[in-house]
Amino acid sequence: MSDAAALPGQPRGGVVSGPATPRTVNVLAPNASPMTLDGTNTWIVAEPDSDLAVVIDPGPQDDAHLRAVVDTAERAGRRIALTLLTHGHPDHAEGAARFAELTRTKVRALDPVLRLGDEGLTAGDVITIGGLELRVVPTPGHTADSLSFHLPADRAVLTGDTVLGRGTTVVAHPDGRLGDYLDSLRRLRSLTVDDGVHTVLPGHGPVLEDAQGAVDFYLAHRAHRLAQVETAIEAGHRTPAELVAHVYADVDRSLWPAAELSVRAQLEYLSEHGLV
Ligand SMILES: [Zn+2]
């Protein structure tokens, strides 16, 4: 389940591929699955008048996809100058080394293992390329190394798997932690309130134009699931498998292993807060 991303929910938009905001274009990777929704969104980000572009999440190891990303940038008269990763799950990062080879770019990520070149990424870093400005926002929780990228000029945030275009994300225990995830959602919410961000450009699924509504939905969903788990524990369900069967009874069984990661993250959170 190392590429765990999505759990189902109400659809909130259509599939997106192509231009999304003035500075972003999505090239959809051909790796659709129940866990990756329509596939991984590989984002090309550039200033409108610049010949330099940044790519966020090259995606899976798929040469045709990686070449399609390069071709899309080149058709717009742009050279890819830098590769960034939102996190290390293979559906986002597996193709990064090959992509770096094709584009002769460095790869920057929070996790040193994923980097190619001498530069990492840390909270508060500001990346500037060809007039483009991207601010690095730490959003751990889906994984420990999850980052989002704030694109102030488009009042947008690229969220990787922290917020998806539909459904909800998996807190991938033990690497992902629920307390961190809730803090990250609140951090994204403050971007919408304090910095006027209104567009979510997710790692999977369609673009969301109501960023605050999406984050509030995620916060409410987490509170709801946590309450369900607490109630199930009070009713005598104890093991993660029992809790999944009870709380995720409405979810397709093929997604139960992913749901169990989230349940384990919730149990850890409840125990850390002295609630079980
Ligand atoms: Zn992921």
Specify the closest pair of heavy atoms between [X] and [Y], including all atoms of both residues, with the distance to one decimal.
X	Y	answer
T169	T162	CG2-O, 3.8 Å
S184	P138	OG-O, 4.2 Å
A156	H150	O-CD2, 3.4 Å
P34	L255	CB-CD2, 4.0 Å
G59	T42	N-OG1, 4.0 Å
R155	G196	NE-O, 2.9 Å

Determine, stepwise, if the pair T128 / L134 fulfils side chain to side chain contact (heavy atoms under 4.5 Å, CB included). CA-CA 7 Å; T128 51; L134 283 169; over 6 Å; no
Please say yes or no: joined through hydrophobic side-chain contacts below 4.5 Å, possibly via intermediate residues, are [X] and [Y] part of one cluster?
X	Y	answer
L201	I44	no
F99	V45	no
L84	V25	no
I80	L158	no
V171	L243	yes

Under a 3.5 Å distance rule, please check whether [X] uses its side chain to pair with a backbone N or O of [Y] as donor and acceptor.
X	Y	value
E242	R238	yes
D252	S254	yes
D175	A144	yes
N41	G205	yes
T72	A68	yes

Do [X] and [Y] sit within salt-bridge range, that is, some charged N less than 4.0 Å from a carboxylate O?
X	Y	result
D125	R135	no
R79	E74	no
R187	D183	no
R78	D51	no
R67	D62	no

Is the shortest side-chain heavy-atom distance between [X] and [Y] below 4.5 Å?
X	Y	value
H173	S262	no
Q61	R98	yes
F149	V157	no
T83	P58	yes
Y218	L188	no
V247	T231	no
P140	D145	no
P48	R23	yes

For a side-chain contact (heavy atoms from CB on, under 4.5 Å) with L132, tell me which candidate from L82, V54, L52, I127 qualifies. V54
Please step through side-chain hydrogen bond (donor to acceptor under 3.5 Å, both in side chains) for the pair E209 and T199, ending with a clear verdict. CA-CA 5 Å; E209 292 298 348; T199 304; 2.9 Å; yes
Verdict with reasoning, T168 to L164, per side chain to side chain contact (heavy atoms under 4.5 Å, CB included): CA-CA 6 Å; T168 55; L164 302 175; over 6 Å; no
For side chain to side chain contact (heavy atoms under 4.5 Å, CB included), just list the numbers for R264 and E268, CA-CA rounded to whole Å, side-chain angles, deciding distance to a tenth of an Å, and then say yes or no. CA-CA 6 Å; R264 287 179 182 274; E268 179 187 64; over 6 Å; no
How long is the gap from [atom1] on [X] to [atom2] on [Y], to the nearest 0.5 Å?
X	Y	atom1	atom2	answer
F217	H221	CZ	NE2	6.5 Å
H273	L226	NE2	CG	9.0 Å
E94	L66	CD	CG	9.5 Å
W43	T24	CH2	OG1	5.0 Å
K106	R115	NZ	CZ	12.5 Å
H198	D154	NE2	CG	8.5 Å

Is the H92 ring parallel, tilted or perpendicular to the H204 ring (thresholds 30°, 60°)? perpendicular
Decide side-chain hydrogen bond (donor to acceptor under 3.5 Å, both in side chains) for T159 and S148; before the verdict, give the C-alpha distance in whole Å, the side-chain angles of both, and the deciding distance to 0.1 Å. CA-CA 5 Å; T159 53; S148 295; 5.5 Å; no
Nonpolar side-chain network containing V107, other nodes, edges under 4.5 Å: L85, L114, L116
Does the pair L147 and V137 meet the rule for a side chain to side chain contact (heavy atoms under 4.5 Å, CB included), with working shown? CA-CA 6 Å; L147 298 173; V137 183; over 6 Å; no
Residue from T36, T40, D91 passing side chain to side chain donor-acceptor pair (under 3.5 Å) with N31: T40
Pi-cation contact, Y248 with R225 (under 6.0 Å, within 45°): yes
Just checking, is any N or O donor in the side chain of H142 or D161 under 3.5 Å from an acceptor N or O on the other one? yes
